[in-house]
Student: 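First the structure, then my questions, so here it is.
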Amino acid sequence: MDEQLANKIKKIWENAKTNSPLTQKSAVCVSTIDSAGFPQSRFVDLKEIDQCGFTFCTSYNSEKGNQLSQNPKISLLAWWDHIGYQVRVVGKAVTISNDRADKFWFTRSKEAHVATTCFKQSEVWNSTVSMENQYSSALFASPTSIARPSSWGGYSVVPNSIEILKFRANRVHIREQYLRDGSSWKMRLLQP
Ligand SMILES: Cc1cc2nc3c(=O)[nH]c(=O)nc-3n(C[C@H](O)[C@H](O)[C@H](O)COP(=O)(O)O)c2cc1C
């Protein structure tokens, strides 16, 4: 994505976070494709927007991680109600570097580190009680600093297309669609 477009979306996102009434201010929906061809959606925390794309972190061995290893096609969707913006991204997921993964890992709380390291995301478990017990024991036994497991990292959604929709009460939404055109990007307006 070119610098101008990345900065435009980043500015909308910063504004959305600053004024957000939500507890989870950076949650966005990402959809991957499962082995039967069905889309699978879930929320993740958006960590960064830059020219490389839209970055989120997760376990590489999770369901989404396994799906992305088979098919990197992905979509990312945000709706920031309080500022009236929808951002819709379609592209390919690219694994981030270990350095970037480390950077994001150390922004997380100890509780999050323990929850990540004592479970295998998306695998089946038997009961909520035993899950709490597993977590409490791991938290009690945990060292001061927990290293990032190699199975945890992140993906950048490298966009092929981006739509920025400014919501309007009269439904005459302003829809700017940006499409990759070689090394540059072209914008066209879509009817609401
Ligand atoms: C608000 C919110 C934020 C979340 N953030 C993340 C995240 O950043 N990374 C992550 O792996 N899961 C996150 N989750 C959990 C995911 O929605 C999902 O349950 C998990 O990643 C497993 O998905 P999968 O089985 O499709 O791989 C979040 C859930 C919610 C509701």
Side-chain angles (χ1 to χ4, degrees), residues 9-10 12-50 52-83 85-132 134-135 138-139 142 146-159:
I9 301 170
K10 206 170 157 176
I12 297 170
W13 182 43
E14 297 294 345
N15 189 17
K17 280 192 292 185
T18 306
N19 301 306
S20 178
L22 300 175
T23 313
Q24 305 299 326
K25 301 183 193 325
S26 288
V28 294
C29 178
V30 291
S31 302
T32 49
I33 306 294
D34 73 15
S35 54
F38 287 100
Q40 295 282 351
S41 304
R42 78 291 281 161
F43 286 97
V44 293
D45 275 327
L46 180 60
K47 299 285 189 200
E48 205 160 72
I49 300 175
D50 58 19
C52 303
F54 299 75
T55 301
F56 65 93
C57 291
T58 193
S59 167
Y60 292 129
N61 300 327
S62 64
E63 191 177 71
K64 77 182 85 48
N66 290 332
Q67 288 163 358
L68 289 171
S69 69
Q70 296 300 309
N71 183 348
K73 289 179 181 166
I74 187 165
S75 73
L76 182 149
L77 180 67
W79 164 238
W80 295 308
D81 183 77
H82 53 296
I83 58 166
Y85 272 97
Q86 173 179 261
V87 176
R88 195 168 156 183
V89 181
V90 177
K92 286 197 177 161
V94 173
T95 308
I96 63 172
S97 69
N98 285 334
D99 282 353
R100 282 187 85 201
D102 281 337
K103 183 188 91 175
F104 293 127
W105 176 256
F106 287 110
T107 63
R108 303 177 84 221
S109 65
K110 181 164 186 185
E111 285 75 13
H113 285 171
V114 171
T116 301
T117 48
C118 80
F119 295 114
K120 293 181 174 161
Q121 191 176 54
S122 311
E123 289 198 9
V124 174
W125 191 275
N126 47 2
S127 84
T128 311
V129 173
S130 66
M131 204 182 282
E132 284 295 345
Q134 164 97 351
Y135 173 71
L139 189 61
S142 65
I146 301 177
R148 177 181 65 84
S150 57
S151 58
W152 190 94
Y155 296 93
S156 285
V157 178
V158 180

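Values reported hereafter were calculated over all heavy atoms of this structure, with side chains retained and with hydrogens, waters and symmetry mates removed. Whatever order the structure lists ligands and atoms in, that order sets their numbers, starting from 1. Start at 1 with the first residue, then count along the sequence.
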Student: Could you please provide the protein residues found below 4.0 Å of ligand 1 on a heavy-atom basis, arranged by chain and number?
Tutor: Q24, A27, R42, F43, V44, D45, C57, T58, S62, E63, K64, Q121, S122
Student: To the nearest 0.5 Å, what is the distance between CG on D102 and OG1 on T107?
Tutor: 11.0 Å
Student: Looking only at heavy atoms, what is the nearest atom pair of W152 and A101, with distance?
Tutor: CZ3-O, 3.5 Å
Student: For W105 and H113, take the angle between the two ring planes, folded into 0 to 90°, and tell me which bin it lands in: parallel under 30, tilted 30 to 60, perpendicular over 60.
Tutor: parallel
Student: First locate atom CD of E111, then atom OH of Y135, and finally report the distance between them rounded to the nearest 0.5 Å.
Tutor: 4.5 Å
Student: Between S35 and Q70, is there a side-chain donor-acceptor contact under 3.5 Å, judged purely by atom types and distance?
Tutor: no
Student: In terms of side-chain geometry, is the basic nitrogen of D45 or R108 positioned less than 4.0 Å from the acidic oxygen of its partner?
Tutor: no
